[in-house]
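Since the structure comes first, as structure tokens, the remarks are kept for the end.
Starting from 1, each residue takes its place in the sequence as its number.
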Amino acid sequence: MTKVPTDGAVSLSRRAFIKAGAALSIAAAGASTVHAGDKDHPSVIFMRKVGKDLLEAHRQGTVASFLNVILRYADVPAIALYSLGQYKSTLGVAQRARYFHGVAVFMSRYFADQSREYPVAKYEVGEATTDGKDVLVSSRIYLLSGQTYSVTWRLVWRNKSYKVADAKVLGFSMIYMQRGIFTSYLSKRKGDLLQLMNALEG
């Protein structure tokens, strides 16, 4: 099956996805007011615990390990719909379950393929701040190579828990770049969502 392309014009997004390390996913339990620089907000506390799952998935480096984390903690439906850009209105209700799962598989496969290039030694969860209704949680990733970089996670409230809606790596939004990959693919195929779903699952 045709793969969603990850080279050429999307090299920047590929680099950012790799540097994200483990997965596009973190969740938190319980909602309360976040104060600037809050290190003990429920989102931060939960992220410390979930971080163990993310690091374990990274060390296993398998599609299955990443998929489990992504399905559990990422806001997959919102990420998937956003990634369609101008083609979102063409996604039928009956297609949604398959497409959403395909997006999760795509992200999992990508992280599994690339995680070996940037092995993570450890992570640190930082502070929580608010941005409108969303919560932003900072973190720092330490690679075995000695390099470090920061990731800011955007959390949204979904069904009594937090879900990750986006992650910014080196200032680049991951879901924005994923949308660029998907819409570029679709534009070359006359917006054929079936081809995209086949590629995501492939």
Please say yes or no: joined through hydrophobic side-chain contacts below 4.5 Å, possibly via intermediate residues, are Phe111 and Tyr142 part of one cluster?
no

Same cluster for Val169 and Met177 if Ile/Leu/Val/Met/Phe/Trp/Tyr side chains link at under 4.5 Å?
yes

Indicate the atoms forming the closest heavy-atom contact of Gly126 with Val44, along with that distance.
O-CG1, 3.5 Å

Quick one: are Tyr99 and Leu196 in side-chain contact, heavy atoms under 4.5 Å?
yes

Any chance the side chains of Tyr73 and Asp53 put a donor and an acceptor closer than 3.5 Å?
yes

When rounded to the nearest 0.5 angstrom, what distance separates NZ in Lys133 from CG in Leu155?
16.0 Å

Set of side-chain hydrogen bond (donor to acceptor under 3.5 Å, both in side chains) partners for Glu56, sequence neighbours left out
Gln60

Are Tyr82 and Arg179 close enough that some pair of their side-chain heavy atoms sits under 4.5 Å apart?
yes

Please report the closest heavy-atom contact between Ala121 and Leu144, naming both atoms and the distance.
CB-CD2, 3.4 Å

List the atom of Val120, the atom of His58, and the distance in Å for their closest heavy-atom pair.
N-NE2, 2.9 Å

For Arg59, what residues pass the side-chain hydrogen bond (donor to acceptor under 3.5 Å, both in side chains) criterion, not counting sequence neighbours?
none

Hey, does Phe182 have a side-chain heavy atom less than 4.5 Å from the side chain of Phe106?
yes

What is the minimum heavy-atom distance between Val137 and Ala128, and which atoms define it?
CG2-CB, 4.2 Å

Given side chains that start at C-beta, do those of Trp157 and Val135 come closer than 4.5 Å, heavy atoms only?
no

Taking the side chain as every heavy atom from C-beta outward, state whether Val105 and Leu200 have any pair of such atoms under 4.5 Å apart.
no

What's the shortest heavy-atom distance between Phe100 and Leu91, and which atoms?
CE2-CD2, 4.5 Å

Taking side chain as C-beta onward, heavy atoms only, is Thr148 less than 4.5 Å from Lys122?
no

hydrophobic_cluster_shared for Val156 and Tyr162, side chain cutoff 4.5 Å
no

Show every donor-acceptor pair shorter than 3.5 Å between a side-chain atom in residues 83-90 and any protein atom, with sequence neighbours excluded, or say none if there are none.
from, atom 1, to, atom 2, distance (Å)
Ser83, OG, Ile79, O, 2.7
Ser83, OG, Gln178, NE2, 3.0
Thr90, OG1, Tyr87, O, 2.6

Side chains of Leu81 and Arg96: does their closest heavy-atom pair fall under 4.5 Å?
yes

For a 4.5 angstrom cut-off between non-hydrogen side-chain atoms, does Lys52 reach Tyr123?
yes

If every non-hydrogen atom of Thr62 is compared with every non-hydrogen atom of Ala112, which pair is closest and at what distance?
C-CB, 3.6 Å

